[in-house]
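Please read all numbers here as calculations on a predicted model, not as lab measurements. Quick note on labels: first sequence line is chain A, next is B, and so on, each numbered from 1. Just so it is clear, the values below take in all heavy atoms, side chains as well, and ignore hydrogens, waters and symmetry mates.
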2 protein chains.
Amino acid sequence: MAKPVGRRGETRERILATALDLFVEHGVHGTSLQQIADRLGVAKATVYHQFATKDALIQALVQPVADTLGELLTRAEAAAGREAQVEVVIEGLVEMVLARRQIAAVMHGDPAVEAAIRATPELAVRSAKVKDLLLGPDPSPSRRVALSVFNAGLMLSGTDPELAELPEEILRQELLGTARRLLV
Amino acid sequence: MAKPVGRRGETRERILATALDLFVEHGVHGTSLQQIADRLGVAKATVYHQFATKDALIQALVQPVADTLGELLTRAEAAAGREAQVEVVIEGLVEMVLARRQIAAVMHGDPAVEAAIRATPELAVRSAKVKDLLLGPDPSPSRRVALSVFNAGLMLSGTDPELAELPEEILRQELLGTARRLLV
DNA sequence: GTCTATAAATTGATAGAC
DNA sequence: GTCTATCAATTTATAGAC
């Protein structure tokens, strides 16, 4: 414990943040590790020192979402009655998108990230559980479509330039309102 | 007019269809012209014989959407009153997504296609007009958010595996219903 | 931990034979 | 109109000096 920990993982975090910016702009396949290194002002080998492969970098990006979904499901399962559970999930998802707008966007839109998710059973399973919980037992076509539209819309709304100027609190309330109009 | 026209542009159409399949699966940047040629069983140079560049191929894919939006706007502008105009646009968009599910999906989710759209003023302008028409004059934050969610959700719903088994007519009615719940 | 240099494969794109 | 062969550039990834 002799070393100062103030900078522990600082480079790692900067790489993740820069990579995420570029992934949102150009997609994962459209972003090379060279571009990430260039924007950060380091050598490509420095990026590889922190992440063994490009896939490992993507995995590191989606990990927090897996954690968040895990906590969310724990809270939902503790809630009494399906109505309360749905409410917990909706609020948790909106909160997650607000806190991690860019990750949410690439997670839903980028085929490379979707492949990484399929390769992360933890995340894939939790996503499926969240969807099933919102879908409910024996869902009607109406609810299936509403959930599909809401899910995609929610995940991408956080990075929609049209909404960039809205204060976070307004966006939160309106996303919750939209969710309830569609899912409650 | 001596030549039979039965096969006119047949190869071209097959290339476009195969490319679109792959773009949906792996994204545009994640799909090489070699992969397209391989799946089609032709040489890469054959693809280049039909499309000078990868960009030209993308342009050819989004062109029908630009046409559809053009017709849509003409019909909307002919409608009397804003309410009727909104109705025309909603119905037209739903119809477009149903008819061109894959194109709609890559158009909204893929950064490479979005770049191509920005480079096609015709399409960019029409998309903006459609959005503005749905947004209406002096839109509230509530409507901004609802439109953002609906727009992303609609464009991606056509390729959502969760909805793959729904008959087209059911999907049409439910998408229209979702649109009206959010935008009317 | 960061760098330079490099390897091996793949990319978009072109030339030219048939 | 389709092919083989090839190009220059770029990709992911590694080796090894400092």
Novice: If you check every side-chain atom of B/L33, which of C/dC3, D/dC3, C/dA13 has the closest atom?
Specialist: C/dA13
Novice: Just the rounded figure in Å: distance from C1' of D/dT10 to NE2 of A/H29.
Specialist: 14 Å
Novice: Would you kindly give the CG-to-C1' distance between B/D55 and C/dA13, to the nearest whole Å?
Specialist: 13 Å
Novice: Considering only heavy atoms from C-beta outward, does the side chain of B/T46 approach that of B/L40 to under 4.5 Å?
Specialist: no
Novice: Kindly say if A/T11 contacts the phosphate of C/dG1, meaning a side-chain N or O under 4.0 Å from OP1 or OP2.
Specialist: no
Novice: A/K54 NZ to D/dT12 P: how many Å, rounded?
Specialist: 4 Å
Novice: Does a side-chain N or O of B/T46 approach OP1 or OP2 of D/dC3 to a distance below 4.0 Å, or not?
Specialist: yes
Novice: Considering only C/dC3, C/dT14, D/dT12, which nucleotide approaches the side chain of A/A43 most closely?
Specialist: C/dC3
Novice: Looking only at side-chain N and O atoms, does A/S32 come under 4.0 Å of OP1 or OP2 in D/dT10?
Specialist: no
Novice: Give the nucleotide from the list D/dT12, C/dT14, C/dG12 with an atom nearest to the side chain of B/K44.
Specialist: C/dG12
Novice: In whole angstrom, what separates B/Y48's OH from C/dA13's P?
Specialist: 4 Å
Novice: Whole Å only: how far is the CG atom of A/L22 from the P atom of D/dT11?
Specialist: 12 Å
Novice: Would you kindly compare A/Q35 and A/A52 by the position of their nearest DNA chain D nucleotide and give the one closer to the 5′ end?
Specialist: A/Q35
Novice: Answer whether the closest heavy-atom distance between the side chains of A/V145 and B/S157 falls below 4.5 Å.
Specialist: no
Novice: For B/H26 and C/dT11, what is the distance between atoms NE2 and P respectively, to the nearest whole Å?
Specialist: 12 Å
Novice: Between atom CD in B/Q34 and atom P in C/dA9, what is the gap in whole Å?
Specialist: 15 Å
Novice: Looking at every non-hydrogen atom in both residues, tell me the closest pair between A/E25 and A/R39 and how far apart they are.
Specialist: OE2-NH1, 3.1 Å
Novice: Using a 6.0 Å cut-off, check whether atom CD of B/E83 has over 12 heavy atoms from anything other than its own residue.
Specialist: no
Novice: Quick check: do B/Q50 and B/R12 have side-chain heavy atoms less than 4.5 Å from each other?
Specialist: yes
Novice: Can you check the B/H49 NE2 to D/dT4 C1' distance for me, whole Å?
Specialist: 16 Å
